[in-house]
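Shown next, in structure tokens, is the structure this report addresses.
Here is how names work: the chains are called A, B, and so on, in the same order as the sequence lines, proteins then strands, and each is numbered from 1. Because only heavy atoms are used, hydrogens play no part in the values below, and waters and symmetry mates are left out as well, while side chains stay in.
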Number of protein chains: 2
Amino acid sequence: MTLRDKATILDIAREAGVSKSTVSLVLQGSGLIRPDTAAKVRKAIADTGYVYNRGAANLRKAQSNVIGMVIHDLTNPFYAELAVGMERAFQSAGVVPFIANTAENPIRQDQVLKSMLEQGAAGLIIAPTRNTQPEALRRIEQAGVPVITIMRRLPESRLPVVAPDNVRGGALAAEHLIGKGHRRLAFLGGHADLSVYQERLQGFRDTCLRLGIPEGDITIIEGETNRMGGMACLNAAVERPDHPTAALCFNDAVAFGVMIALRKRGLEPARDFAVVGFDDVVEAQHYIPALTSISVDTASLGERAAHTVLKMMQTRTTRAEDQIGSVTLIVRDSCGPNRAMGDVK
Amino acid sequence: MTLRDKATILDIAREAGVSKSTVSLVLQGSGLIRPDTAAKVRKAIADTGYVYNRGAANLRKAQSNVIGMVIHDLTNPFYAELAVGMERAFQSAGVVPFIANTAENPIRQDQVLKSMLEQGAAGLIIAPTRNTQPEALRRIEQAGVPVITIMRRLPESRLPVVAPDNVRGGALAAEHLIGKGHRRLAFLGGHADLSVYQERLQGFRDTCLRLGIPEGDITIIEGETNRMGGMACLNAAVERPDHPTAALCFNDAVAFGVMIALRKRGLEPARDFAVVGFDDVVEAQHYIPALTSISVDTASLGERAAHTVLKMMQTRTTRAEDQIGSVTLIVRDSCGPNRAMGDVK
DNA sequence: TTGAACAATTGGAACGTTCCTATTATAGAC
DNA sequence: GTCTATAATAGGAACGTTCCAATTGTTCAA
């Protein structure tokens, strides 16, 4: 038994004195095999250090158990949480999913997707990068691989989406801030080409208008979806005349940035400026002040996504309903009442 | 051309009026093929929506381009940064690595590793969970797959390691704190069974002793390696008589927890208690106060790890030198001078 | 005109599984 | 004892690719 070249099912068969078919049957846990025969085989497997060649099996079976999760930014804690949530759900269904990061780069995303397909992925969950071209996913759809998007909806494509109720989240935030007496409000961070952005802003804006805030008192500033972006947005916001006293931030990362920038200017979050985040990452509750945020229930979002592709895989379909997860406002310490009531206007 | 069952190399061959060998040659970019023939083939590929079956290829070639990165906690920003750093390095070498999370669970790690092997991984980078049993990696080694560990060194195993110079990091922190006049010091968080812990503590402790701090004035408290753990450690620390006035924390997450716990007690980080972190995650510079930390140069650590396995793969060896990355102390705002000089003792 | 050298292309076997269709062993019924 | 039904096991073809050896086409020197 030379150590270097790996053992195959035939080596096991010889070792155990049975046929390769028997070994194969044992491997897939068939009940047809007599227990003592199975035991012999299993012993041979253990002795040999045999490792199952899933590639060969897939070749024959024409269906793999590889599932890919393609994420646009794993260094964003929200997406990291989301990814491990999905992973957990998959794992308890007996499949080991693979994660790949695309670093918000469509080219890289193409490569990653191509690689996943070539690897024979049986299902795909994609949190797409900005500027994802519809035809990037065409190949996958036409290969008949079940694929869904998560969080971000693709402009042209009719792929199933799993996402939180962004519109409602925006609305909840607006109600909260207005309830605290704020009248000049801002929506900070994010890019207008993102579906998530459009939805969150829409809920926020519509609710502001409905509750009597004039259009002109709603400040909207786009920016990067991270801390840096938040800092830039806040700086831009407070330099405007009649600047806002409260903001809903595109996501928690932006919100942290906003709070940092406030402190850098000698302003205290909550007391001098109310800030609401979105996503409710674990960090939010530990920050000082603890961040009021829209919780999207990350874990159940991930679970839903996982179960959806799992079901698509087993029913061999490529269509599924969109799933919109409910959101809740988690009130913490980052929003004080409006102190600048009579200050201007 | 039925749309559902996928095209193979033979379909392409027929479509383009050449042999399968020719198609194969084109696919691997051989220069042997006449340009116009290659063009015909490529057109057929584009028309058909053909997707390369890497499983079948690997079966024949007995060497894949799959590389796995198995990480014990992707929700820890440091490891997320590390993972995407490695990914970047691999990607620019033309391979798409797959990431899997083990959630600090040895059982899950076993499953993941098994799956990676079955998938035919050509190389593996592992940031192992606590309590990884040596035999968990035995199978992999004996399969002849190049594998290295990153950050954590495995107790029994002689696998190559890529890690920062933890001992030196601990020493730098001790020097810094003692230089600020602190005399009662603590090392907070982490588990004693982790090699990283042992090394960081050793550097810290040895330097304290060398600089004249008596053994009894060094407080060591183990704890979880996250924010929660940091909070618990700080609380335990300050409740001791003659409690420390400064601490090196096992990592940045612990440090953040320590600072949060300080504030909860009405103490101000830096002014009332000096804290140094370890790893220097991006968050460190944005925190208030900005965290003084030992930078391990995450990006280059990831790059080294990637290049090491890449080289092991191409030289078909399973051995490599350990690599110890240099560390630097990044001084920010979280360490004030010792104000409690004459206070006790 | 022939042959040699080289360029371009082809056919077949092999890789490690699964699955279908035998085949053999075992038991029970007559 | 033979037959039938069933339980276990075995053999071979097939999956989609690569690679070797073989074949054909082309050019050029003699």
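For the pair A/L10 CG and D/dG12 P, the interatomic distance rounds to 12 Å; values are reported in whole Å. Atom CD1 of A/I12 is separated from atom C1' of D/dA10 by 17 Å (rounded to the nearest Å). In this structure, CD of A/Q119 is placed 17 Å from P of D/dG16, rounded to the nearest angstrom. If you take CG of A/L32 and P of C/dC20, they are 13 Å apart, rounded to a whole angstrom. The separation between B/I9 atom CD1 and C/dG11 atom C1' is 13 Å, rounded to whole Å. At whole-Å resolution of the value, CG in B/L25 and P in D/dT17 are 14 Å apart. Between the P atom of C/dA8 and the NZ atom of B/K40 lies a distance of 14 Å, rounded to the nearest Å. Counting to the nearest Å, the C1' atom of D/dT17 and the CD atom of B/Q63 are 13 Å from each other.
The closest donor-acceptor contact from the side chain of B/T315 to the backbone of B/K311 lies under 3.5 Å. A donor-acceptor pair under 3.5 Å links the side-chain atoms of B/S64 to the main chain of B/G120, judged by distance alone.
Residue A/T8 is in sugar-phosphate contact alone, with no base atom involved, counting any heavy-atom pair closer than 4.0 Å across all strands shown. Heavy atoms of A/I33 sit under 4.0 angstrom from primed sugar atoms or phosphate atoms, though from no base atom.
For D/dT9, the OP1/OP2 oxygens have a side-chain nitrogen or oxygen of A/T37 closer than 4.0 Å. Phosphate contact (OP1/OP2 of C/dT9, side-chain N/O of B/T22, threshold under 4.0 Å): absent.
The side chain of A/K20 lies closest to D/dG12, out of D/dT17, D/dG12, C/dT10. Counting only heavy atoms from C-beta on, B/Q28 has its side chain closest to D/dT18 among C/dG16, D/dT18, C/dT18. If you check C/dT10, D/dA10, C/dT18 against the side chain of A/S19, the one that comes closest is D/dA10. Across C/dT10, C/dT17, D/dT17, the shortest atom-to-atom separation from the side chain of A/A57 is found for C/dT17. Residue A/R34 has its side chain nearest to D/dT9 when only D/dC15, D/dT9, C/dC19 are considered. For A/K61, counting side-chain heavy atoms from C-beta on, the closest listed nucleotide (C/dT18, D/dT9, D/dG16) is C/dT18.
Checked for salt-bridge contact, A/K43 and A/D47 meet the test: a charged N lies under 4.0 Å from a carboxylate O. Taking 4.0 Å as the cut-off between side-chain N and carboxylate O, B/D322 and B/R153 count as a salt-bridged pair.
Of the N and O atoms on the side chains of A/T318 and A/E141, not one donor lies less than 3.5 Å from an acceptor on the other residue.
The base of D/dT18 sits within donor-acceptor range of the side chain of B/R60, with an N or O pair under 3.5 Å. Residue-to-nucleotide contacts include a donor-acceptor pair under 3.5 Å from the side chain of B/S21 to the base of C/dG11.
When each of A/Y52 and B/G17 is assigned the nucleotide of DNA chain C with its nearest heavy atom, B/G17 is the one assigned upstream, toward the 5' end.
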Inset, instruction - Evaluate the salt bridge (Lys or Arg N to Asp or Glu O under 4.0 Å) criterion for residues B/E104 and B/R152: first the C-alpha distance (whole Å), next the side-chain angles of each, then the deciding distance (0.1 Å), finally the verdict. - result: CA-CA 12 Å; B/E104 205 65 277; B/R152 297 179 178 176; 3.0 Å; yes
